[in-house]
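Only one structure is covered here, and it is reproduced in the block below.
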Amino acid sequence: MTKFDELIRMQAAVQNRSILSLFDMPDRVSQFSAQTGDMLFDFSKTNLDRDTIDALLALIDSANVPARRDAMFAGEKINETEDRAVLHTALRNLDGGPVTVEGVDVMPGVLDTLARMRGFADRVRAGDITDVVNIGIGGSDLGPAMAVRALSPYHDGPRTHFVSNVDGAHISDTLRGLDATTTLVIVASKTFTTIETMTNARTARAWMMENGGDPARQFAALSTAKDKTADFGIDPGQVFGFEDWVGGRYSVWGPIGLSLMIAIGPRGFHAFLRGAQSMDRHFCAASPRENLPMLLAVVGIWHNQICGYATRAVLPYDQRLGLLPDYLQQLEMESNGKSTQIDGTDAPFNTGPVVWGAPGTNGQHAFYQLIHQGTRIIPCEFLIAANGHEPDLTHHHKLLVANCLAQSEALMRGRSLSEASTLMAARGLTGAELDRQARHRVFPGNRPSTTLAYPLLDPFTLGQIIALYEHRVFVEGIILGINSYDQWGVELGKELATSLQPVIDGAQPPTGKDGSTAALVNFIARHAD
Ligand code: F6P
């Protein structure tokens with residue numbers, strides 16, 4: 001018995017019906033969509049009806065989502081396995097009043113750091129820095145990297161680069177061609193212990209010293225560990241701290257967003273925070289039926305836990321949102337990819353879905369074949385702006401929009417055997433060959449998708465979108481009974497990599513390793529120069 005049994009029974013009863021037929025209800029679109037400001041979430045192209053959406057939204061109350069949400073915003077320690085509050089929302093609480101953690105208002109510290117970031121960003125933008133290199137990984141990389149690319153039309157600061165991988169190729173390719181005397185290196189690491197980031201930071205420092213730069217002046221750090229940034233030799237005046245209640249993958253709103261602030265300027269960054277803050281307010285105030293994060297969450301639960309679709313594709317029709325699928329992959333999979341519930345019991349159902357995707361229209365010429373005609377059903381989440389940023393290229397944008405809407409229509413509508421047969425007959429085929437060829441051209445259709453639409457991908461809107469997904473992940477986590485804010489699953493690999501290092505260095509034999517690992521160590525050793 002699980003909390004989803006009744007919904008699974010309801011789904012079984014309707015699973016073969018046509019989504020298209022649901023549009024016989026004249027007000028389906030208004031019933032199965034919601035809006036906040038100018039942002040529209042359309043989930044009418046799914047197999048949800050009034051009964052199933054009501055049953056899904058009942059989970060919001062039965063799982064105590066409103067109480068958990070209020071506890072998060074109030075600074076309670078809802079990250080129970082790390083004994084921490086979860087307050088990335090405080091970073092964008094620009095004029096929202098005090099937020100207390102253990103009786104202490106955190107807002108003066110947040111606003112003070114933001115003001116210091118603004119001063120630093122203004123100085124960098126006005127000075128002789130030509131290039132900014134952000135060194136970080138996971139949440140200390142993906143947020144600013146995704147946002148800088150997304151907001152390139154607003155980028156009027158120095159060029160911005162991101163180095164994350166410990167593979168020397170990444171830093172080597174990035175630094176090649178940069179001027180060490182005019183490059184600012186930002187070391188972004190909440191813990192300031194992450195092996196990839198610290199290795200890259202040391203390499204960058206050596207490069208700067210060898211090439212005439214001045215690390216004392218040209219290094220900044222973003223971290224909760226000020227003792228460690230000092231040990232590294234970074235000027236405290238160029239260290240921007242934050243607290244342990246900001247999770248890595250939720251950290252773009254504070255110091256980890258410094259590279260974004262330098263790229264688009266403090267005003268643009270302010271608008272980005274304002275967008276997120278407006279989504280926070282919507283999340284706290286709107287009824288479940290109108291609440292975009294809650295609706296996105298229950299649609300996600302419907303497709304994953306109820307229908308059993310194991311993955312979901314994020315398909316932004318926006319080239320500049322090329323890193324959004326990667327960003328959401330970390331946000332969703334590191335947050336909800338767990339099998340133990342908060343009370344320590346095993347989850348009796350599948351938890352977070354596999355999240356993947358790529359921008360349209362490129363994906364159409366790569367993996368959409370499987371989405372349309374493969375044997376697995378993959379719910380698709382489209383994102384599209386009404387306007388592009390290229391006034392001379394509006395015909396491109398119109399084509400982009402047409403493709404986005406055409407894909408969701410095609411997924412739902414499909415093409416029947418008789419329609420395919422008519423096409424083949426028009427090409428002169430007959431008999432068995434007509435039938436054989438027609439079968440390859442059948443699209444089963446009835447494949448669900450949602451669309452998030454908005455006027456323009458500006459800083460405010462990007463802030464809204466990211467905050468929307470953050471809250472969606474949180475609501476899904478509550479319904480699944482898991483803590484979305486820890487990430488113990490990344491620890492074991494880190495520990496084993498540390499213990500393997502002396503083995504790879506040749507200082508220790510692979511004693512105690514399994515046969516495969518020992519054989520791979522030996523193969524690498526034989527072939528290493
Ligand atoms: O991948 C695990 C993780 O802890 C992420 O959650 C985090 O964003 C990333 O590593 C980087 O950590 P840090 O900012 O401490 O270097």
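Note that ligands are numbered from 1 as they come in the structure, with each ligand's atoms numbered from 1 the same way. All residue numbers refer to positions in the sequence shown, counting from 1.
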Discussion item. Would R69 pass as a cation-pi partner of F283, given that its NZ or CZ must be under 6.0 Å from the six-membered ring centre and within 45 degrees of the axis?
Written reply: yes
Response to the item:
Smallest heavy-atom separation, M198 atom then F232 atom, equals CE-CD1, 3.8 Å
Which one of [options] has a non-hydrogen atom at the shortest distance from [atom]?
| atom | options | value |
| --- | --- | --- |
| atom 11 (C) of ligand 1 | I137, I135, D486 | I137 |
| atom 13 (P) of ligand 1 | L142, T193, T194 | T194 |
| atom 4 (O) of ligand 1 | M198, K494, R249 | K494 |

Discussion item. Assess, by modelled atom type and distance only, whether the side chains of D458 and H389 contain a donor and an acceptor separated by less than 3.5 Å.
Written reply: no
Worksheet entry | Nearest-contact summary for atom 2 (C) of ligand 1 - protein heavy atom, Å | V490 CG2, 3.5 Å
Worksheet, complete the sentence: Among non-hydrogen protein atoms, atom 1 (O) of ligand 1 lies closest to E334 OE2, 3.3 Å
Discussion item. Quick check on E196 - does any of its heavy atoms sit under 4.0 Å from an atom of ligand 1?
Written reply: no
Item to complete: With sequence neighbours excluded, tell me which residues meet side-chain hydrogen bond (donor to acceptor under 3.5 Å, both in side chains) with D326.
Response: none
Show me the donor-acceptor pairs, under 3.5 Å and distance only, between side chains in residues 494-511 and residues at least two apart or in other chains.
unit_1: T498; atom_1: OG1; unit_2: K494; atom_2: O; d: 2.9
unit_1: S499; atom_1: OG; unit_2: L496; atom_2: O; d: 3.0

Item to complete: Please work out whether any backbone atom (N, CA, C, O) or any side-chain heavy atom from C-beta onward of T191 is under 4.0 Å from ligand 1, and answer side chain, backbone, both or neither.
Response: both
Fill in: Atoms of ligand 1 close to G139 [distance to a heavy atom under 4.0 angstrom, numbered from 1]
7 (C), 8 (O)
Worksheet item: What atoms of ligand 1 come closer than 4.0 angstrom to any heavy atom of Q330?
Response: 5 (C), 6 (O), 8 (O)
Discussion item. Between Y469 and Y327, is the ring centroid distance below 6.0 Å?
Written reply: no
Item to complete: Examine Q487 against ligand 1 and note whether any of their N/O atoms are separated by less than 3.5 Å.
Response: no
Discussion item. When you measure from the side chain of R149 to the backbone of G322, do you find a donor-acceptor pair of N or O atoms at a distance under 3.5 Å?
Written reply: no
